[in-house]
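Nothing here was measured: the structure is a model prediction, and the numbers come from that model. The figures here come from the full heavy-atom set of this structure, side chains too, leaving out hydrogens, waters and symmetry mates. In what follows, every chain begins at residue 1, and chains take the letters A, B, ... in the order their sequences are listed.
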2 protein chains.
Amino acid sequence: MGFQESLKAMSDKTRREILNLLKNGDMTAGDIAAHFSMTQATVSHHLSVLKDGGLVTDRREGKYIFYELNTSVIEEIMAWLIELKGVDKQ
Amino acid sequence: MGFQESLKAMSDKTRREILNLLKNGDMTAGDIAAHFSMTQATVSHHLSVLKDGGLVTDRREGKYIFYELNTSVIEEIMAWLIELKGVDKQ
DNA sequence: TATACATTTAGATATATTTCTAAATGTATA
DNA sequence: TATACATTTAGAAATATATCTAAATGTATA
């Protein structure tokens, strides 16, 4: 889990949509998958890429596994973008 | 050129290094390529991906082609990240 | 404990990406 | 105008990614 994995994770449209969904609160893998027309296995793969990138965390509650947005990584990416933009050229 | 292409472009380490180089000012394709151990053709490919993502622009000056960082796209990405992070949870 | 439900993992296939070498293009200059 | 230099484009090979189906895992409950 690092910068590389975080950006790779964000570079896919489906995964960005998952992140947008999680903005409104934690969701189970099943509920997330229900928003897409691909198989649950495929969505599960995307969730694991997001997890590798540190963009989400998961926790089990009984039969269900809940996914939650992790914003600390997002701040790291923003810091890089701000640095890239350059303080002098705003 | 859109959000998807911009993030795809940023998701590669070599391309992020190119962006970091261009932070310090415009550079020719040759000077950029000199910073890497891959062929000029490969670096040229990366530059074209960055261009597709709107992250750089190029201009010819005689024999040379100069590349320049384009920061407006970066702001668009930052806006998404800020939105993702959520105003309420800072 | 057998069954059902929620989810992930394994293995396969198709598509995309990275990289290379060789050839092509555009510009300057002897 | 022939040649050299800077760079890109074309085409091929290797690797990575997205997706599927089928099987495995983990948990709850009849």
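- Checked by atom type and distance alone, the side chain of B/Arg59 never pairs as donor or acceptor with a backbone atom of B/Phe66 at under 3.5 Å.
- Side chain of A/Asn70 to main chain of A/Gly54: a donor-acceptor pair is present (N/O by atom type, distance under 3.5 Å, no hydrogens or angles).
- With hydrogens and angles disregarded, no donor-acceptor distance shorter than 3.5 Å links the side chain of B/Thr42 to the backbone of B/Met38.
- Using a 4.5 Å heavy-atom threshold, the side chains of A/Met10 and A/Ile77 count as touching.
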Name the pairs: protein N/O against N/O of nucleotides 15-18 of chain C, kept only if under 3.5 Å.
| unit_1 | atom_1 | unit_2 | atom_2 | d |
| --- | --- | --- | --- | --- |
| C/dT18 | OP1 | B/Asp12 | OD1 | 3.3 |
| C/dT18 | OP1 | B/Arg15 | NH2 | 3.2 |
| C/dT18 | OP2 | B/Arg15 | NH1 | 3.1 |

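- Across all their heavy atoms, B/Leu21 and B/Met27 have their closest contact at CB-SD, 3.9 Å.
- If you run side-chain contact (heavy atoms from CB on, under 4.5 Å) between A/Leu55 and each of A/Leu47, A/Ile74, A/Thr71, only A/Ile74 comes through.
- Distance B/Ile18 CD1 to C/dT19 C1': 14 Å, rounded to the nearest Å.
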Can you give the dot-bracket line for DNA chain C, where a pair is Watson-Crick or G-U wobble with both atom distances under 3.5 Å, crossing pairs use [ ], and | marks a partner on another strand?
-> ||||||||||||||||||||||||||||||
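- When side chains are defined from C-beta on, B/Thr28 does not count as touching B/Tyr67, because their heavy atoms never get closer than 4.5 Å.
- One finds no side-chain N or O of A/Thr39 lying less than 4.0 angstrom from the OP1 or OP2 phosphate oxygen of D/dT19.
- Not a single donor-acceptor pair under 3.5 Å links the side chain of A/Arg60 to the backbone N or O of A/Ile65.
- Between the CE atom of B/Met38 and the C1' atom of C/dT21 there is a distance of 16 Å, given to the nearest Å.
- The minimum heavy-atom distance linking B/Ser11 with A/Ser11 is given by the pair CB-CB, 3.8 Å.
- Each of A/Ile18, A/Asp58, A/Leu69, A/Val73 was compared with A/Leu50 under the side-chain contact (heavy atoms from CB on, under 4.5 Å) criterion, and only A/Ile18 meets it.
- Following rounding to the nearest Å, A/Glu17 (CD) and D/dA18 (C1') show an atom-to-atom distance of 15 Å.
- The residue B/Ala41 sits close to a base: some heavy atom pair falls under 4.0 Å.
- In this structure a side-chain-to-backbone donor-acceptor pair under 3.5 Å is present from B/Glu5 to B/Gly2.
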Between the protein and nucleotides 2-7 of chain D, list the N/O to N/O atom pairs that are separated by less than 3.5 angstrom.
| unit_1 | atom_1 | unit_2 | atom_2 | d |
| --- | --- | --- | --- | --- |
| D/dT7 | OP1 | B/Ala29 | N | 3.4 |
| D/dT7 | OP1 | B/Ile65 | N | 3.4 |
| D/dT7 | OP2 | B/Gly30 | N | 2.7 |

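- Atoms CG (A/Asp58) and P (D/dG26) sit 14 Å apart, rounded to a whole Å.
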